[in-house]
Structure formats: structure tokens, C-alpha cells
Amino acid sequence: MEKDRDILAFIKDHPSLSSKEIFEGLNGSMSYATLKRRLSGLLDKQYIVQQGNAKNSRYIISPAYSLFYPVDLDSYYRKEIDERDIMSGYNFALIPDVLSKVSLFTKEETEELNALQAKFTQNSSQLTPTEYQKEMERLGIDLSWKSSQIEGNTYSLLETERLLKDKQTAAGKTKEEAVMLLNHKDALDFIVQNPDYLNLLTISGIEDIHSILVKELGVDRNIRIRRVGITGTNYRPIDNEYQIREALQQMCDLVNSRTNVFEKALFVLVLLSYIQAFYDGNKRVARIVSNAILIGNRYCPISFRTVDSVEYKKAMLLFYEQNNISAFKQIFINQFRFAVETYF
């Protein structure tokens, strides 16, 4: 990793050089064979871009470098909010100029995810409809619990199970907490019963999921028309209704243009949260819509059960502030792996 950092720093300061020129500029800090191997790896990770072919190849830093470069979250968050150098406003170029031109997963990551999906397909094909339904119910309870916990809900997993199965509320909890959990179940049930509902992603479809999730919670429905702030960051989302709708449409177009289901699901997870189209419930909507894409394409859904709520929020804030997806992408991969190995 240190050698990669050295190479990237040199290319950033000296763009459009050949591999030979980079090797000479690094003053023999590694062999030429090592440099070529690491350049190949950096190309695969989309940290750099190759211009030209063969002997005419030149290397520059990729426009997507900031999107993928690994960030040490502990070091990043040692700085207080006002000390961090962040993108304080919505990046209007992110979807059309960056995300539309990259693949979110490396070759190795894609191979791992495809292998996990193949395992899910094999395992689920051996289940009876009743057995499959029971596994979906189990995953749904876990998802409702964790998605609500991330938003501050204090129900335990056991209390959530009692509520969703037996309609038994927990002592000492608010009515709103129970409603939030029940709404998650309703939203997931809707998706399972209508698996192709969001196969073509639309703003109206996203609004429908939001309406289910905020039912009886006193939250305004539909696209917001006032400014909102986000706790823990100086990032401020778009505050203009028409620009919000434009950003949502760009996201829908991006998702609908892709064939890779994992990319579709991850785009939705981060972008619905980033755009913050609603007054409340944005991350809940993102998790349900992302799962709707997985379910609609017969992929394994994700419960997020083992993700640490604080680490989830840190990874999300990193995307808000730096447009860096590296930490959140790892959460997605880890949680997909957990789901395949735990359910069905």
C-alpha cells in the first residue's frame, strides 16, 4: 500500500508520464517489474487512467480516484467537524461526470459477489416455498430491527421479533418506535409481493416506498421543499425542489442504465442518502429500495444485521463529505456475504 501511495503521489504531481519515466522518477524505490504490476493493479482499482497503448502509454490520476481511494476512518474522524476539509454542498457533477463513467467494483470484488450470488441461487433453489418464506421473514425481522436501530430506535432484536410476529409492543418504548418497525415490515412485504415494482426505478416508485415507511410518523411525504441539515457533518444537501428532482432523475437514469445488479443496489444505497430528497427517512428508503432491486432480480437481499451503526454512519458521512465510497462499498460486500451465509 505504501508503494501504491508513492506511485499515486508521483503521478499526481507528474501526469502523463510513461511507466519508464515514472520508474526513473521514483529513483529505484522498487523494481521496474514491481512498478508495472502495481500500475496494473491501480488501473483495475480505477485510481489511474492509461492514455495511449503499448509504448505510447501514459498515466494520469483517474477522475474517480477520490471515489475509491481507501480512507482510514479512525484518522479521518479524529478531526472535529469544523476541522475537516469537506465538500460542503451537493456535487452536481458526481452522477453525470464521475459515477456514470466508472464501475463500482473491481474484477476481484465482482468475482466474489458473483460467486456468493451463485451460492444463494443454489441454496434457495433447494428450499420449498414455505421454507423460503420463513427465511425471508427471518431476514425481514433482522432488516427492520437494524435499519431502525441505525436511526436511533431502541427496540432489541428479540423485542422486534415479538412486535412483528405477535404485535406485542415492548414496555418502556414509544409508539413511534413500534410504528417505525411495523412500517419496515409493510414496506418489505410490499416489495416481496410486487418484486418487479422497482425494476425500472422511478421517482414515483421511490416516493411510494417512502410513504409506506413514514406512515403515521408525522413526517411530510413527497419531495421536500425546505432546507434540511444532517447531524454530524457540515455537508448541506440541495435545498431546491426542482434540483432535487433532477438529481433523483439522474440517479434513476444511472441505475436503469446498468446491467450489474450489485452496482444498481449500491448506487441506490449511497445516492438516495446523499440527495436527501425527503425531510426524514432517506436512509431507510435507501435500504428498502436497494433490497427491492436485489429481490426484483432474484438476488439475495441484505439485512445489515451485523453492521455497526456508528461505522455505517461514518461510512455514509465520508461519502457526503468526500464523495468517497470505499468504506461503504466494503460494508455492502460484507453484508451481502453475511446474508448469503446466514439466510436461505
Side-chain angles (χ1 to χ4, degrees), residues 1 41 44-47 64 67-77 99 102-124 135-136 138-151 157 160 184 188 255 258 260-274 283-295 297-344:
M1 182 57 70
D44 183 50
K45 292 176 181 177
Q46 301 178 84
Y47 293 173
L67 189 69
F68 297 115
Y69 192 68
V71 176
D72 184 327
L73 292 183
D74 290 336
S75 298
Y76 183 79
Y77 287 108
L99 293 178
V102 300
S103 299
L104 291 186
F105 300 99
T106 65
K107 179 182 177 181
E108 289 77 10
E109 290 167 344
T110 300
E111 289 173 351
E112 178 186 1
L113 289 168
N114 285 337
L116 288 167
Q117 172 59 22
K119 181 179 179 180
F120 164 74
T121 301
Q122 174 66 22
N123 291 347
S124 60
E135 287 302 289
M136 276 300 300
R138 188 162 70 97
L139 185 146
I141 290 169
D142 289 351
L143 172 60
S144 299
W145 167 69
K146 176 56 70 171
S147 183
S148 298
Q149 186 199 60
I150 290 172
E151 305 310 317
L157 181 54
T160 299
H184 271 86
L188 191 58
V255 170
R258 295 301 173 102
N260 185 308
V261 176
F262 297 114
E263 285 193 333
K264 289 172 177 278
L266 183 52
F267 275 136
V268 164
L269 266 176
V270 295
L271 289 175
L272 276 177
S273 302
Y274 181 58
K283 293 193 293 297
R284 279 171 275 163
V285 172
R287 288 186 286 271
I288 294 296
V289 174
S290 180
N291 269 306
I293 290 172
L294 293 171
I295 292 169
N297 287 277
R298 299 184 180 181
Y299 277 51
C300 182
I302 300 175
S303 71
F304 299 97
R305 194 181 87 189
T306 59
V307 73
D308 181 87
S309 297
V310 173
E311 293 305 308
Y312 186 101
K313 291 174 183 176
K314 284 181 176 180
M316 198 71 259
L317 289 181
L318 181 67
F319 188 78
Y320 294 166
E321 298 183 354
Q322 304 295 337
N323 291 162
N324 186 290
I325 203 172
S326 60
F328 206 92
K329 180 170 71 164
Q330 198 56 54
I331 285 175
F332 179 87
I333 294 171
N334 290 344
Q335 290 305 306
F336 188 78
R337 184 188 306 113
F338 171 81
V340 170
E341 294 174 349
T342 304
Y343 309 102
F344 308 100

Going by heavy atoms in the side chains, are Tyr343 and Asn123 under 4.5 Å from each other? no
Report yes if the side chains of Thr106 and Phe68 come closer than 4.5 Å at any heavy-atom pair, otherwise no. no
My understanding is that only residues two or more places apart in sequence, or in another chain, count here; which of them pass salt bridge (charged side-chain N to carboxylate O under 4.0 Å, His left out) with Glu311? Lys314
Straight-line distance of Ser148 OG to Arg287 CZ, nearest 0.5 Å: 8.0 Å
Closest approach of Ile295 to Met136 (non-hydrogen atoms, all atoms of both residues): CD1-CE, 4.1 Å
Write down the atom of Ala265, the atom of Ser290, and the distance for their closest heavy-atom approach. O-OG, 2.9 Å
Can you check whether Leu67's main-chain N or O pairs, donor with acceptor, with Asn323's side chain at less than 3.5 Å? no
Set of residues satisfying side chain to side chain contact (heavy atoms under 4.5 Å, CB included) with respect to Lys264, sequence neighbours excluded: Val255, Arg258, Ile293
Under the side chain to side chain contact (heavy atoms under 4.5 Å, CB included) criterion, do Leu139 and Thr342 qualify, and how do the steps go? CA-CA 9 Å; Leu139 185 146; Thr342 304; over 6 Å; no
Closest non-hydrogen atoms of Glu109 and Leu104, given as atom of the first, atom of the second and distance, are OE1-O, 4.1 Å
Stepwise side chain to side chain contact (heavy atoms under 4.5 Å, CB included) test for Phe304 and Phe338: CA-CA 8 Å; Phe304 299 97; Phe338 171 81; over 6 Å; no
Going by heavy atoms in the side chains, are Phe344 and Pro301 under 4.5 Å from each other? yes
pair Pro70-Tyr47: side-chain heavy atoms closer than 4.5 Å: yes
Quick one: pull up CD in Glu108 and CG in Leu113 and give me the separation to the nearest 0.5 Å. 12.0 Å
When rounded to the nearest 0.5 angstrom, what is the spacing between OH in Tyr274 and CZ in Phe267? 14.0 Å
Nearest heavy-atom contact between Ile288 and His184 is CD1-CD2, 4.3 Å
Donor-acceptor check, side chain of Gln149 to backbone of Ser309, threshold 3.5 angstrom: yes or no? no
CD of Glu151 to CZ of Arg284: how many Å apart, nearest 0.5 Å? 5.5 Å
Tyr69 side-chain N/O to Ser326 backbone N/O, donor-acceptor pair under 3.5 Å: no
Any donor-acceptor pair under 3.5 Å linking the side chain of Arg305 with the backbone of Asp142? no
Please check if any side-chain donor atom of Gln335 sits under 3.5 Å from a side-chain acceptor atom of Ser303, or the reverse. no
Counting C-beta onward and ignoring hydrogens, is there a side-chain heavy-atom pair between Tyr76 and Glu321 closer than 4.5 Å? yes
Should Gln117 and Thr121 be marked as a side chain to side chain donor-acceptor pair (under 3.5 Å) after you check the CA-CA gap, both sets of side-chain angles, and the distance that decides it? CA-CA 6 Å; Gln117 172 59 22; Thr121 301; 3.2 Å; yes
Apply side chain to side chain contact (heavy atoms under 4.5 Å, CB included) to Leu99 and Leu271, showing your working. CA-CA 10 Å; Leu99 293 178; Leu271 289 175; 3.8 Å; yes
Is there side-chain contact between Gln322 and Val71, with at least one heavy-atom pair below 4.5 Å? no
Restricting to non-hydrogen atoms, name the atom on Glu263 and the atom on Ser103 that form the minimum distance, rounded to 0.1 Å. OE2-CA, 3.0 Å
Minimum heavy-atom distance Val307-Ile150, with the two atoms named: CG1-CD1, 4.4 Å
Over 60° means perpendicular and under 30° means parallel, so tell me whether Phe332 and Phe105 are parallel, tilted or perpendicular. tilted
Side chain to side chain contact (heavy atoms under 4.5 Å, CB included) for Phe120 and Arg298? Distances and angles first, verdict last. CA-CA 10 Å; Phe120 164 74; Arg298 299 184 180 181; 5.7 Å; no
Go through Phe262 and Tyr299 one step at a time and tell me if the ring pair (Phe, Tyr, Trp, His ring centres under 6.0 Å) criterion holds. CA-CA 9 Å; Phe262 297 114; Tyr299 277 51; 5.1 Å; yes
